[in-house]
Amino acid sequence: VMRELSVLALLALVSATELAAQSGDVPAIVKSLVNAERAFSRASIENGMRSAFLEYLTADAIIFRPRPVEGRRWYEERENPAGTLRWEPVFAVSAAAGDMGWTTGPWEFEAEGAGGPSVTYGHYVSVWKRQPSGAWRVVIDGGIVHPSPATSVAEATLDGYRRLAAFSEARPDIEAERALLLTWDHSFSTATTEDGFRAAFTHFASADVRVYRMGGLPLVGKGAAAAGLTGAQLPASWEPMAADVSESGDLGYTYGVAKAEAEGAEDASSYLRIWQREPGGDWLLALEITHPIPSGSSQD
């Protein structure tokens, strides 16, 4: 159940000011994005998850429970979960325009149980948009649960980052670009139906794509992802529900619901895809995360 039922992400032991000191080559806009993510994690630790998410989610933010739902309403209708959720960004990307970005990294949720404290582990994915005030806020958020990783949240560091190059010199038509990205995601589905997911994935994915599936550690790189996915984890087809694109036309995301590929499987999954493109190039898949939707499941 994502950042807490799948419970998301862990602590920023490095403060906002420390990022600038330890990584002077990180673009300023990416620093501001990472610092916002770390402040979000601190708010979760200090004030509780419910308060932190209500502070950092935009009014129209989407989360997955397991279907896409309105994030603020979901948290407003629930009590603060008992336990401490921490996370740390290890990878961050900003659009050239500095209006959109995404982060990912490990999370840990610690709660007291009858037998003592227990810890749940996973990875989160957050897409951020910069508000008119200049503050970063989360517009779409998801996560997976997996076994204890080799590196804890306390040991995690920012080991990858990028500010993209604008797709073109002219300001893109954002509505047209959103429609194009929805069409592109749908074309990915059509290619999967015709050629199978692995072949379509190889065509649409970037070389360093990240793929997240519930119960497994993140798969990084086209080869590792294609080889590491099992039959039950391969979608057969899907219908994108919505898309958004950065003002510079180089970063965007889609989400929707996919049907399973495995023979006889009835379960579906909601998905989030983050897309990036280089000047003069097509959209390429940068990250895909799915959230299983068991038959007859509720939003919880």
What is the minimum heavy-atom distance between [X] and [Y], and which atoms define it?
| X | Y | answer |
| --- | --- | --- |
| Ala286 | Ser206 | CA-OG, 3.9 Å |
| Ser246 | Ile174 | O-CD1, 3.3 Å |
| Ala36 | Trp136 | CB-CB, 3.8 Å |
| Ala156 | Thr151 | N-CG2, 3.9 Å |
| Thr103 | Pro89 | CB-CB, 4.4 Å |
| Pro147 | Tyr121 | O-CB, 4.0 Å |

- State whether Arg213 and Glu288 are salt-bridged, where the test is any N-O pair (Lys NZ or Arg NE/NH1/NH2 against Asp/Glu carboxylate O) under 4.0 Å. yes

- Message: I'd like to know if Glu278 and Arg162 make a salt bridge, using a cut-off of under 4.0 Å between side-chain N and carboxylate O.
- Response: yes

Looking at [atom1] of [X] and [atom2] of [Y], how far apart are the two atoms once the value is rounded to the nearest 0.5 Å?
| X | Y | atom1 | atom2 | result |
| --- | --- | --- | --- | --- |
| Met100 | Glu247 | CE | CD | 9.0 Å |
| Leu33 | Ser94 | CG | OG | 6.5 Å |
| Tyr56 | Ser44 | OH | OG | 11.0 Å |
| Asp250 | Glu177 | CG | CD | 10.0 Å |
| Leu158 | Phe91 | CG | CZ | 9.0 Å |
| Ser189 | Glu194 | OG | CD | 10.0 Å |

Answer whether the closest heavy-atom distance between the side chains of [X] and [Y] falls below 4.5 Å.
| X | Y | value |
| --- | --- | --- |
| Gln131 | Thr58 | yes |
| Lys129 | Arg137 | no |
| Tyr161 | Val34 | no |
| Arg78 | Arg50 | no |
| Asn80 | Ser51 | no |
| Met214 | Ser269 | no |

- Query: What residue among Tyr212, Phe64, Trp102 forms side chain to side chain contact (heavy atoms under 4.5 Å, CB included) with Leu272?
  - Reply: Phe64

Would you kindly confirm whether [X] and [Y] end up in one hydrophobic cluster when ILVMFWY residues are joined by side chain heavy atoms under 4.5 Å apart?
| X | Y | result |
| --- | --- | --- |
| Trp74 | Leu54 | yes |
| Leu284 | Leu219 | no |
| Met241 | Val125 | yes |

- With sequence neighbours excluded, what pairs up with Glu175 under the side-chain contact (heavy atoms from CB on, under 4.5 Å) test? Asp173, Arg178

- Message: Check for me whether the distance between the ring centres of Phe53 and Phe40 falls short of 6.0 Å.
- Response: yes

- Show your reasoning for whether side-chain contact (heavy atoms from CB on, under 4.5 Å) applies to Tyr271 and Asp185. CA-CA 11 Å; Tyr271 69 87; Asp185 195 352; 3.1 Å; yes

- Kindly indicate, with the supporting measurements, whether the criterion side-chain contact (heavy atoms from CB on, under 4.5 Å) is fulfilled by Leu285 and Trp275. CA-CA 5 Å; Leu285 183 63; Trp275 302 84; 4.0 Å; yes

- Task: Test Arg130 against Ile29 for side-chain contact (heavy atoms from CB on, under 4.5 Å), laying out the working first.
- Result: CA-CA 10 Å; Arg130 215 166 190 198; Ile29 193 65; 3.1 Å; yes

- Trp238 six-ring centre to Arg273 NZ/CZ under 6.0 Å and within 45° of normal: yes

- Message: Assess the residue pair Trp283 and Val245 against the criterion (side-chain contact (heavy atoms from CB on, under 4.5 Å)); give the C-alpha distance rounded to whole Å, side-chain angles, the decisive distance to 0.1 Å, and a yes or no.
- Response: CA-CA 11 Å; Trp283 286 105; Val245 175; 4.0 Å; yes

